[in-house]
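Reading through the structure tokens given below for one structure.
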Amino acid sequence: MVTRSSRLRGFYQHNPEERLRIVAGWAGLTEEEVAILRQGLSVAQGDKMIENVVAAYALPLGVATNFLINDRDYLIPMVIEEPSVVAGAGYAARLARAGGGFWTGSTEPEMIGQIQVLGLDDLQAARQRLLDGRQRLLALANEQDPVIVRLGGGARDLDVRILDDTPAGPMLILHLIYDCRDAMGANVVNTACEALAPQVEAISGGRVRLRILSNLADRRLARARTVIPVVALARPEDGFSGAEVAQGMVEAWAFAAADPYRAATHNKGIMNGIDAVVMATGNDWRAVEAGAHAYAARSGRYTSLTQWGRDVEGNLAGSIELPLAVGIVGGATRAHPTAKLVLKILGVQTARELSEVMAAVGLAQNLAAIRALAAEGIQRGHMRLHARHLGQGEKERG
Ligand code: NAD
């Protein structure tokens, strides 16, 4: 195994062409691949992706350094129009490195497909009949994508929910739980749901309306955690101790944990990092955004996607958990020439690994944001204290 460090000192001081060379060497890109990265998406390639194409639209692709995730170094390609995001991620990853980096995990890549059934008199009885038909329905779903089934994915389970009170009266919702392996899975799941619809009508005696995946992918979660040694947070140049900064950051997080107005902005900052990697890898950022914010509101009150606190030694400990429905096959991940190479630079082997890297980037971005915000607050506090001390001195002198 090659051991390479993502701690590329002075990377930012190079020009873009030099940086491209460094990244290419790091990731083992061929000359042809470097040329593809320079060129980006052509109009002809774009014309195959969406409708009515007239041009290709470019955004900057930056690379965040310093990421150490589960003891492995990653360079993180990020596509974003907003300044300071890439630098913030790299800076926070450097802080996290001081404590061993990020530790991540994820659930199986299970998505939920929804089938809406209306026109039922006895919803409980229909629900039971559908649950009794579970094996038959799962087998039918699995006939739709033999490739995924061969790779170990496919239909896993059924759940049947009753919505008693909707503006269109009571309805029954069948959830198809489907393991999408390395695909984001929207098309796969939609196809399976469409195939099940006639059987669901026959078994339930109702009428099927919608058959589509849910973006609240709460069975497809990615997690990351990190511990920042309190000494690494000190800012002697500004006169702040590490403990002061850590405490300020926990207080900044607590505001987001308790207040949806703050949580929206706090989570936006997290998504600055995650979306940039979702974009770079050709994944569906609207799907990821929808899932993240719906998950943040799952308790009934919208709150922070991260948690921050102090461990027994006073170090700053952070964690994140959110749904991340992303793939390394399907969609634009291989159709977009840059996205394909971004996946090579990342070196991820599975969709789960990609989602875990994204969770770590989200946590890093949040760390950078609350550190900056908390430090500003501490700065103001110090100024006030300083002013008071000056006033005191004057009084004493006077
Ligand atoms: P896809 O349709 O390209 O399908 C992926 C295919 O890859 C599968 O059918 C499978 O047979 C094959 N495959 C090969 N190797 C695989 C592996 N290792 N693991 C899994 N599958 C493998 O892509 P998709 O992921 O089903 O759909 C993603 C697209 O759907 C995105 O472009 C997204 O924007 C779009 N979409 C999203 C929504 C939504 O989020 N609400 C709705 C509709 C469509």
Side-chain angles (χ1 to χ4, degrees), residues 41 45-53 56-57 79 106-116 138-156 173-197 209-222 271 274-295 322-340 342-344 346-358:
L41 183 78
Q45 286 163 328
D47 198 33
K48 293 201 187 92
M49 291 171 68
I50 64 161
E51 310 76 38
N52 298 358
V53 166
Y57 178 108
V79 168
S106 58
T107 62
E108 295 294 329
E110 289 178 354
M111 297 295 282
I112 298 168
Q114 299 193 291
I115 302 180
Q116 178 194 23
L138 295 184
L140 179 60
N142 277 335
E143 282 168 23
Q144 311 311 312
D145 199 322
V147 175
I148 283 209
V149 173
R150 207 175 55 238
L151 293 166
R156 290 284 185 260
I173 310 297
L174 182 140
H175 279 193
L176 171 67
I177 317 299
Y178 195 103
D179 184 320
C180 298
R181 292 288 94 196
D182 291 320
M184 181 269 187
N187 290 325
V188 178
V189 169
N190 289 346
T191 305
C193 288
E194 279 159 26
L196 291 193
R209 183 68 75 189
L210 299 194
R211 303 149 298 176
I212 186 160
L213 100 158
S214 169
N215 286 113
L216 176 48
D218 61 0
R219 302 177 64 102
R220 194 174 188 174
L221 301 174
M271 300 315 288
I274 293 179
D275 283 339
V277 186
V278 174
M279 288 274 280
T281 53
N283 273 289
D284 184 338
W285 51 270
R286 286 85 52 210
V288 168
E289 280 280 327
H293 295 291
Y295 193 67
L322 79 165
L324 275 166
V326 291
I328 59 166
V329 298
T333 59
R334 306 280 166 118
H336 192 297
T338 313
K340 198 172 155 188
V342 161
L343 285 170
K344 181 163 180 185
L346 275 168
V348 290
Q349 303 301 314
T350 62
R352 280 178 68 175
E353 188 188 353
L354 176 60
S355 74
E356 292 179 27
V357 167
M358 287 173 177

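Heavy-atom basis, side chains included; hydrogens, waters and symmetry copies ignored. As the structure lists them, so they are numbered: ligands from 1, and atoms in each ligand from 1. None of these values were measured; they are calculated from a predicted model.
For atom 43 (C) of ligand 1, the closest non-hydrogen atom of the protein is Asn190 ND2, 3.6 Å. In terms of protein heavy-atom proximity, atom 23 (O) of ligand 1 is closest to Gly331 N, 3.5 Å. Regarding atom 12 (C) of ligand 1, its nearest protein heavy-atom neighbour is Val147 CG1, 4.2 Å. Taking atom 33 (C) of ligand 1 as the reference point, the nearest protein heavy-atom neighbour is Asp284 OD2, 3.4 Å. Atom 22 (C) of ligand 1 has Val329 CG2, 3.6 Å as its closest protein atom, hydrogens excluded (heavy atom only). Ranking the protein heavy atoms by distance from atom 39 (C) of ligand 1 puts Leu213 CD2, 3.5 Å first.
By the 3.5 Å distance cut-off applied to N or O atoms, Arg181 is not counted among the residues near ligand 1. Checked by distance only, ligand 1 and Val188 come closer than 3.5 Å through their nitrogen or oxygen atoms. Below 3.5 Å of separation, one finds an N or O of Met184 facing an N or O of ligand 1. Checked by distance only, ligand 1 and Asn187 come closer than 3.5 Å through their nitrogen or oxygen atoms.
Within a 4.0 Å radius of atom 6 (C) of ligand 1, the protein contributes no heavy atom.
Relative to atom 16 (C) of ligand 1, the option among Ile148, Asp182, Val149, Leu151 with the closest non-hydrogen atom is Leu151. Here the shortest heavy-atom distance to atom 25 (O) of ligand 1, taken over Gly330, Cys180, Gly185, belongs to Gly185. The option with the heavy atom closest to atom 35 (C) of ligand 1, from among Ala186, Pro146, Ala351, Ala335, is Ala186.
In this structure, the side chain of Asn190 engages the main chain of Leu213 through a donor-acceptor pair within 3.5 Å. The backbone N or O of Leu343 lies less than 3.5 Å from no partner atom in the side chain of Thr281, so there is not a single donor-acceptor pair.
Atoms of ligand 1 found under 4.0 Å from any heavy atom of Ala287 (numbered from 1 in listed order, with element): 40 (O). The atoms of ligand 1 that sit less than 4.0 Å from any heavy atom of Asn215 are 39 (C), 40 (O), 41 (N). Those atoms of ligand 1 that come under 4.0 Å of a heavy atom in Asp145, given as number and element, are 8 (C), 9 (O), 10 (C), 11 (O).
Among all heavy-atom pairs drawn from Ala155 and Leu176, the shortest one is CB-CD1, 4.0 Å. Across all their heavy atoms, Thr107 and Arg352 have their closest contact at O-NE, 3.1 Å. Of all non-hydrogen atoms in Ser214 and Leu216, the two that sit nearest each other are OG-N, 3.0 Å. Residues Leu41 and Thr338 come closest through the heavy atom pair N-OG1, 4.3 Å.
Counting heavy atoms of neighbouring residues, nucleotides and ligands inside a 6.0 Å radius, atom NZ of Lys340 does not exceed 12 of them.
For the salt bridge (charged side-chain N to carboxylate O under 4.0 Å, His left out) criterion with Glu108, the lone passing option out of Arg220, Arg181, Arg156 is Arg181.
Ser106 and Glu356 form a side-chain donor-acceptor contact under 3.5 Å, judged by distance and modelled atom types alone.
The shortest distance between side-chain heavy atoms of Val188 and Met111 does not fall below 4.5 Å. At least one side-chain heavy atom of Val357 sits less than 4.5 Å from a side-chain heavy atom of Leu346.
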